[in-house]
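See below for the structure under consideration.
Read the numbers this way: they start at 1 and go in the same order the structure lists the ligands and their atoms. Owing to the predicted nature of the structure, the values given are computational and were not obtained by experimental measurement.
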Amino acid sequence: MIGVAGCLAAGLHLACSRSARLAADLVVTGANVWTGDSRRPTAAAVAVIGDRIVDVGSASDIEPWRGSATTVLDAEGRRLLPGFNDAHVHFVDGGVQLENVDLRDADSQTEFARRIGERARAKPGEWIIGGEWDDQRWSPADLPTRQLIDDRTNGTPVFVSRYDGHMALANSAALGRAAVTEATTDPPGGAIVRDARGFPTGILKDAAMDLVARVIPKMMPEQRLRAVKRALEHAESLGVTSVQDMNPSYEDVAVYAELAARGELTTRIYAAPMETAWYDQAKIGLRRGFGSPWLRIGAVKGYADGSLGSTTAYFFQPYLDAPQTRGLLSDEMQDINQMRTRLMAADHAGLQLCIHAIGDAGISQILDLFGDIVRANGERDRRFRIEHAQHIAPRDFDRFAQLKTVASVQPYHAIDDGRWAERRIGPERIKTTYAFRTLLDKGVRLALGTDWTVAPLNPMLTLYAATTRATLDGKNPDGWVREQKITVEEAVTAYTAGSAFAEFQEREKGTIARGQLADMVILSDDIFGIAPVRIKDVKVLTTIVGGRIVHQRNP
Ligand SMILES: [Zn+2]
């Protein structure tokens, strides 16, 4: 136990009893604690002062921390874990999606068009965005066209994304505002899908999406604030106590900073803006992990390629169901020397590099660049990250480990894409697809996340996916590429300590141990004791962030 002087020196505001024994602000008792700390893997109670854990132990170890003003929370024997740290989200998009037209579960083109039409009637003239449609739910799985929705939307512009964010459908009104016609050429790293006569169908892939995206009016500050608040509430309810936000705009970060200043953040945010703007952070000397426990910056996020669902992930061999293509390198990669120069400079400045790479050739090229950077800038604890790391060429696993690259992965994509991935890339390539087992066995650090809004933010679905690999169509109950399953404990470790490591915060969070931030969740059921197939139905009953109870629901 710490002495009063020590605590005062540490700047904590304390309630000290006359016996000079400190009282905790919060004590959680009766818990089945999984600490994630190998020195003390299990415990029954936790004491918190301010935003930090001050003690972890048995009921009798923790009893002396209880004072007259201590809040006591009885976990009633339930499982308590460190809070979940989602290593890859699009937080503002998530909040916007919660407020926008939702097409994710539209299971036919007719239903897709009906929902868009309904929205256009409710708010005529106002851009319809968001969407998150999934053509693979439809039979046949044909891409939608502008003609499908033009009649129902008239002059209301529509630009709705596929759920993976790598293609979107524009109606004729939106194409008109963007001046996209049959004469428009495909931009580097993008494709305008055309019909037999050469006219745009309305589908724009990757960099071509920007042709329309840039004419959509910017979000008003109040809209952005509302979206962030919605996203925070959603995260609280799911036990997500930290998020790592990929490609936020500066306006997004400004909203986070405003909420942090007001003490209204309830999820910790590590923001990684676009790599092309690396100099904005570097020029004032910011380095990875700079900021407060609530909001940090100092990372950059880039793209090597597109996605499997949009046939834009970049492979060594062509797609089986689209043999004319092997994917698309991103526009940032179109001049690989410029990409190398930028990343090398960002690394030299001490910024962390997080690069989206999905296809085997995309991943390989990024590992090449990482190797070049180490050779040029020297060895350092830099924690390169490959975001998604979905389809890894067998020869690249060792390199992945040697370069100490963190694999920032989203297991839900595996049970989602697993419905159709084999048709697209064949039986050989799927063996090293979402290869979580192989990555761990090779000594690669995993960080878990969702890529929300691409997948649901709910950590239970991620844990379910990583441990069962049971595809969403119910066709692989024993697991799709089942050799790549990981255990519940491995998945939870990756989702807490692993994600904390990926943002240089393992000394601050990710385990339940003395000195760590008091970010904890209490679950409705013991995920270590039930069959993994049941994990998807488990609820987070209590979420504690920085010692504050921010969410509570009845079992
Ligand atoms: Zn993403």
>> Check for me: within less than 2.8 Å of the Zn ion (ligand 1), which protein N/O/S atoms show up?
In response: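 You should have found H88 NE2, H90 NE2, D451 OD1.
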> Should E490 and R437 be marked as a salt bridge (charged side-chain N to carboxylate O under 4.0 Å, His left out) after you check the CA-CA gap, both sets of side-chain angles, and the distance that decides it?
Replying inline: CA-CA 10 Å; E490 285 167 335; R437 176 82 271 147; 2.9 Å; yes
>> Using a 6.0 Å distance limit plus a 45 degree cone around the ring axis, check whether R326 lies over the aromatic ring of F315.
In response: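 No.
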> Are R469 and F436 in a cation-pi contact, defined as NZ or CZ under 6.0 Å from the six-membered ring centre and within 45° of the axis?
Replying inline: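 Because its charged atom sits under 6.0 Å from the ring centre and within 45° of the axis, R469 does stack over F436.
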> Using 4.0 Å as the upper bound for N to carboxylate O, is an ion pair formed by R424 and D321?
Replying inline: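 Salt bridge between D321 and R424, a charged N being under 4.0 Å from a carboxylate O: yes.
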> Is R385 paired with E387 through a side-chain N to carboxylate O contact shorter than 4.0 Å?
Replying inline: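 Between R385 and E387 there is a salt bridge, with a charged N closer than 4.0 Å to a carboxylate O.
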>> Using a 6.0 Å cut-off, check whether atom CZ of R380 has over 12 heavy atoms from anything other than its own residue.
In response: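 Yes - once you tally the heavy atoms of other residues, nucleotides and ligands closer than 6.0 Å, there are more than 12.
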